[in-house]
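Every chain is numbered from 1 and lettered A, B, ... according to where its sequence line falls, protein lines coming before strand lines.
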Protein chains: 2
Amino acid sequence: MSRQVPPDIAGRLPAALHLFLDQGLDGTRVDAIVAATGIPKATLYYHFDSKEAIFAFLLRELLDELAEAVDAAKRGRGTARERLVAVIEAIVGAMAANPTSCLVLLSNLSRAGRMPEIAGSVQAAFHAPVEELLVEGSRDGSLRATGPATASAVFGAVVLVSLHHLIMTGDIPVRATVDSVGSLLLHGLATGAAEGTDG
Amino acid sequence: MSRQVPPDIAGRLPAALHLFLDQGLDGTRVDAIVAATGIPKATLYYHFDSKEAIFAFLLRELLDELAEAVDAAKRGRGTARERLVAVIEAIVGAMAANPTSCLVLLSNLSRAGRMPEIAGSVQAAFHAPVEELLVEGSRDGSLRATGPATASAVFGAVVLVSLHHLIMTGDIPVRATVDSVGSLLLHGLATGAAEGTDG
DNA sequence: GCTCGGTTTAGACTGCCGGTCTAACCGTTC
DNA sequence: GAACGGTTAGACCGGCAGTCTAAACCGAGC
């Protein structure tokens, strides 16, 4: 299919996001999407192959926007360390700006991960840039050298903190979140006190 | 229903885990569970209300085991900081010991989150202990004082790193993983170099 | 104002699959 | 041997994703 989705359809689709959020992709009936968006079923299936394609379309928009913001932050000036903080800010900022889509994405990551197109975008938008910055940082001396798995840790910390705020209060205090997760990731939790088991 | 599941049934059910892993809960057909476990459909529905209940049963076993390991680590001796590392080790160790169940849990977190029983267990097994240790740590001076969202960051970092290893190589090098994520969380990524924007 | 392409739509229909129901069957206990 | 809890096959039901048909609709070009 991959026909181009006309603007008025694309504009109405986001009304279905909260359905996906509440019921998940499989739990959301197509009739409910019809009711929520006002787009008749036959029209929906004229433009999309499946319910899943509708879902993917909505996430694509988010991921494209996000990838761009992250990429811009990554290509900015400053040390790798400074740009890493900028990337974190871009991620948190994007989540704050699109809370519903982000919640849908994250709370359906499993399902999304099984859609190659989406999985690839997530990888490209989140992991790859962070991983590259970590490598750069160990070259320019602004960050400790670490293995590739560390990018996952950074990703996990940033995303879960944002998710925590979204779930608890419904919105993300961007400044405070970036400061606290940034300082956690850069300086850690330890005080000057007794050294323990740490490699 | 909540009848008690007889041992031979319980023993055969894990054979369905890889189905849930590959196809997700909704994507797994009951007939496939029947084929994988050798338990006839009627018997399955004699013991369980639904496919979802089977799924929940499998995760329960994992979560109970995990909650116990984490709790033991948390109640050990030493500073809060040392016990935090022990808790991280318990989590990583449990994931390494039950890779399939863990993958199923994490890659269906969305779905699991909509099952109150499971969501509660995850909260109790992971978040609560970490959160408490962070508070203790700021009291005994072994950890910096941080907000409640920090527990989510720790959780995210630990779980995503483990997940990374599981997906990449199929198993988790426990020692190395605990060391690297432990040192990330305790000491951070920063080198002594140029101080940037960090609260 | 007619035709022609793409778009929109209603509504009936198909097929898959989760879950139910029935009724038989089996082993144990009293 | 009657009663009971568990086990099983197989027919069945209902809900829902996705298809099909065929009729409008609508703008562009002549």
Measure distances between side-chain N and O atoms of K51(A) and base N and O atoms of dG18(D), and say whether any donor-acceptor pair falls under 3.5 Å.
no

Next item on the list: Could you check whether the rings of H164(B) and H127(A) sit parallel, tilted or perpendicular, using 30° and 60° as the cut-offs?
Entry: parallel

Once you measure the plane-to-plane angle for F55(A) and F20(A), does it fall in the parallel (<30°), tilted (30-60°) or perpendicular (>60°) bin?
perpendicular

Return the nearest nucleotide to the side chain of [X]; candidates are [options].
X: R29(B); options: dA17(D), dG18(C), dT7(D); result: dG18(C)
X: A42(B); options: dT7(D), dA17(D), dA9(D); result: dA9(D)
X: T43(A); options: dT9(C), dG18(D), dG19(C); result: dT9(C)

**Asked** Is a salt bridge present between D179(A) and R175(A), judged by a nitrogen-to-oxygen distance below 4.0 Å?
**Response** yes

Do the charged groups of R77(A) and E82(A) touch, with an N to O distance under 4.0 Å? no

How many whole angstroms separate atom [atom1] of [X] from atom [atom2] of [N]?
X: H47(A); N: dG18(D); atom1: NE2; atom2: P; value: 16 Å
X: L44(A); N: dT7(C); atom1: CG; atom2: P; value: 15 Å
X: D8(B); N: dG6(D); atom1: CG; atom2: P; value: 12 Å
X: E52(A); N: dG18(D); atom1: CD; atom2: P; value: 8 Å
X: Y45(A); N: dA17(D); atom1: OH; atom2: P; value: 6 Å
X: I33(B); N: dC17(C); atom1: CD1; atom2: P; value: 13 Å
X: Q4(B); N: dG6(D); atom1: CD; atom2: C1'; value: 14 Å
X: I54(B); N: dG18(C); atom1: CD1; atom2: P; value: 10 Å

5'-most contact on DNA chain D (nearest-nucleotide basis), G38(B) vs D26(A), goes to G38(B)

Q. Does Y46(B) have a side-chain nitrogen or oxygen under 4.0 Å from the phosphate oxygens OP1 or OP2 of dT7(D)?
A. no

For D26(B) and K51(B), the nearest pair of non-hydrogen atoms, with its separation, is O-NZ, 3.6 Å

